[in-house]
Amino acid sequence: MITLSPALRRAWAAGVALAACFAASPAVSAATVPPVADRDRAAALAGHGTGPGLDRYYRQRLAWGSCVQGPDDSMGHGLEKAGVRCAEVTVPLDYADPRGRTITVAISRLQATDTRHRIGSMLLNNGGPGGPALQSPPDARKAMKAVGPRYDIIGFDPRFVGRSTPLDCGWPVGTSILSAGLSRASFERQVAFQKGLADKCRATNASVLPHISTRNTARDMDVIRGALGERKISYLGYSYGTYLGTVYTQLFPGRFDRTVLDGALTPDGYGPRLLQGAEPENERALSDWAAWAARRNVTYGLGRTRADVLATVRSVVAASARGLTVGTAPDVFRLDDTQVPSLITAEIADDTDAQRAALGEHMAVLAKAVSGQPTRLSPQFAAALRSMLNGEDAKSAGAQTAIICGDKPAPRDPERYWRDIERSRAEHALFGPLTNNIGPCAFWDRPREKPTQVRHDAPALIVAATGDPRATYRNSLALHGLLPSSQLITLKGANRHGIYGRYGSACVDGKVNRYLATGKLPKDDQTCVKRAD
């Protein structure tokens with residue numbers, strides 16, 4: 001999941017697989033011996049494994065220590081200040097061979113302070129796939145308001161992400177999510193480019209790629225549950241994290257407690273072509289932003305009407321097919337028609353004024369570049385372009401792709417992608433060539449396991465915005481149908497991906513926190529309405 005601004009980084013941290021926006025870091029160290037009470041509780045309550053040889057993982061003792069890895073570790077220092085402690089959980093690389101090679105999963109914990117009314121542990125996932133959550137317990141506690149102190153809040157970096165055992169595919173770019181461009185020639189370049197990414201990752205990581213999957217991450221979650229000494233664990237997942245949470249409920253029925261799934265994906269809808277079919281929602285979000293920008297034409301100069309702004313966007317994409325030079329020394333970048341649509345798509349999953357302003361500023365820079373007026377880039381925009389084009393987030397992009405490709409197979413024939421691109425281009429000129437484009441999964445080895453199917457009901461609370469351009473509202477409705485005991489909170493009128501605790505909807509936040517406090521789902525589906533601009 002490119003980020004072009006702090007607001008976008010927050011949005012995509014909860015978001016779907018559109019770019020690798022998460023910075024990888026070295027493995028965490030944990031140094032202290034757990035208190036006797038922790039060890040006793042773990043020994044008494046931990047669930048056992050689901051196969052021979054797994055008990056030692058479930059019974060392991062966690063050594064909680066400082067999250068700080070050095071004087072320049074700003075995240076670690078922030079967690080330290082918030083009272084968060086970190087540890088490593090050892091898990092098998094291959095759950096079919098638990099006596100074989102092991103890897104580590106980095107976790108963090110913000111302990112409950114209201115111990116008299118403690119509910120249990122809550123595990124977090126921010127989406128991605130491949131999004132870290134080691135840093136997230138303080139933000140989650142803030143979102144949970146009065147009920148937060150009743151939980152041990154657990155962040156974790158999934159296997160091969162962040163401070164867990166890392167994966168480095170050696171990619172030269174920070175995202176593989178790109179458009180096919182405006183021509184057959186640009187598509188052919190994409191085919192070669194995406195195949196090169198797959199080949200490079202296989203050449204350096206062939207021994208671990210078969211074990212990078214959502215099902216194995218869910219198994220790691222259950223080991224974490226056991227190592228924490230919990231019979232059941234609560235869960236908060238955004239975007240891809242809703243798929244991970246659903247997989248956990250299917251692999252480990254009876255081991256989950258209160259479960260919140262925000263911006264849901266269905267098992268059938270999740271896969272390498274994740275955004276296929278979401279073109280209307282993306283176009284609606286772009287159109288709404290264009291109307292917002294038109295009312296601020298004095299600031300951005302993109303057009304006085306919605307139609308004028310959209311025409312400016314189309315002209316920028318058309319000009320990029322010839323190559324578009326952006327920025328002034330020392331931050332100068334060359335963009336093309338495969339990259340510009342990706343930048344636009346990345347920024348429209350958040351309809352807050354701050355994010356809309358960021359997109360307005362960036363489109364103004366691109367429009368001036370088209371007219372031959374180089375413009376100095378903001379530090380945030382320059383950093384985002386470096387990440388996308390120069391591979392500063394390449395480790396995150398590789399991990400993200402490895403998870404998606406390890407979960408479901410993709411079509412292999414490039415001609416199938418081209419037919420889909422051409423079929424969608426007439427109606428969805430900007431987004432169709434991106435949502436239907438070929439990716440590395442077309443050249444990846446087949447997954448070891450079949451995709452997860454929903455066979456067990458789960459009483460989860462699903463949160464969804466009607467205009468979500470990433471995990472469309474249709475996905476949340478479909479998952480709600482697959483889980484008859486679930487309830488749905490709908491936020492009407494928002495073009496936003498990731499709502500609870502992140503969007504400022506007191507209505508949504510209050511309903512979720514009531515569920516987290518009582519454990520009782522609403523009797524009926526609930527509806528909230530976006531505040532007027």
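Side-chain atoms are counted along with the backbone in the values below, which use heavy atoms only and exclude waters and symmetry mates.
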Does [X] reach the main-chain N or O of [Y] with its side chain, forming a donor-acceptor pair under 3.5 Å?
X    : Y    : answer
D468 : Y473 : no
N126 : G241 : no
S424 : D420 : yes
N436 : W418 : no
R141 : Y151 : yes
D262 : Y500 : yes
H362 : A358 : yes
T435 : F431 : yes
S342 : I177 : yes
T242 : L265 : yes

Taking 4.0 angstrom as the limit, do [X] and [Y] come out as a salt bridge?
X    : Y    : result
R202 : D199 : yes
R474 : E281 : yes
E188 : R184 : yes
R163 : D73  : yes
R386 : D331 : yes
R322 : D336 : no
R496 : D350 : yes
R284 : D288 : no
D139 : K142 : no

Output the distance between atom [atom1] ([X]) and atom [atom2] ([Y]), rounded to the nearest 0.5 Å.
X    : Y    : atom1 : atom2 : result
R314 : T312 : CZ    : OG1   : 9.0 Å
L167 : L209 : CG    : CG    : 6.5 Å
Q526 : C507 : CD    : SG    : 8.0 Å
L389 : R334 : CG    : CZ    : 12.0 Å
I438 : Q190 : CD1   : CD    : 9.0 Å
D157 : L134 : CG    : CG    : 5.0 Å

Could you go through the salt bridge (charged side-chain N to carboxylate O under 4.0 Å, His left out) check for D353 and R356 one step at a time? CA-CA 5 Å; D353 276 353; R356 283 178 163 175; 5.1 Å; no
S320 and its side-chain contact (heavy atoms from CB on, under 4.5 Å) partner, picked from L366, V340, L343: V340
Just do the side-chain contact (heavy atoms from CB on, under 4.5 Å) check on Y235 and V260 with the steps written out, would you? CA-CA 6 Å; Y235 179 77; V260 179; over 6 Å; no
Side chains of [X] and [Y]: closer than 4.5 Å at any heavy-atom pair?
X    : Y    : value
V173 : N390 : no
I344 : V317 : yes
P267 : T246 : yes
C201 : W444 : yes

List for me each residue that meets ring-ring contact (aromatic ring centres under 6.0 Å, His included) alongside Y270, sequence neighbours excluded, and say none if there are none.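 For Y270 the ring-ring contact (aromatic ring centres under 6.0 Å, His included) partners, ignoring immediate neighbours, are Y240, Y243.
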Where do D509 and K145 land on the side-chain contact (heavy atoms from CB on, under 4.5 Å) test, with the steps shown first? CA-CA 9 Å; D509 293 354; K145 296 184 172 65; 4.0 Å; yes
What pairs with A180 under side-chain contact (heavy atoms from CB on, under 4.5 Å), at least two apart in sequence or on another chain?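 Partners of A180 under the side-chain contact (heavy atoms from CB on, under 4.5 Å) test: F187, I421, P433, N437.
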Enumerate the ring-ring contact (aromatic ring centres under 6.0 Å, His included) contacts for residues 310-343, please, sequence neighbours excluded, ordered by first and then second residue.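 For residues 310-343: none.
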Please determine if R502 forms a cation-pi arrangement with Y238, meaning its NZ or CZ atom is less than 6.0 Å from the six-membered ring centre and no more than 45° off the ring axis. yes
Take I462 and I489 through the test side-chain contact (heavy atoms from CB on, under 4.5 Å) and record every step on the way to the result. CA-CA 6 Å; I462 302 170; I489 299 176; over 6 Å; no
Does a donor on one side chain and an acceptor on the other come within less than 3.5 Å for S66 and R85?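 Their side chains do not contain a donor-acceptor pair, so the 3.5 Å distance test is not met.
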Establish, from distance only, whether the side-chain atoms of D407 and T214 form a donor-acceptor pair under 3.5 Å. yes
Step by step, would you call L310 with L286 a side-chain contact (heavy atoms from CB on, under 4.5 Å)? CA-CA 8 Å; L310 292 174; L286 181 63; 3.9 Å; yes
Between N282 and H428, is the side chain to side chain donor-acceptor pair (under 3.5 Å) condition met? List the steps. CA-CA 10 Å; N282 280 275; H428 307 293; over 6 Å; no
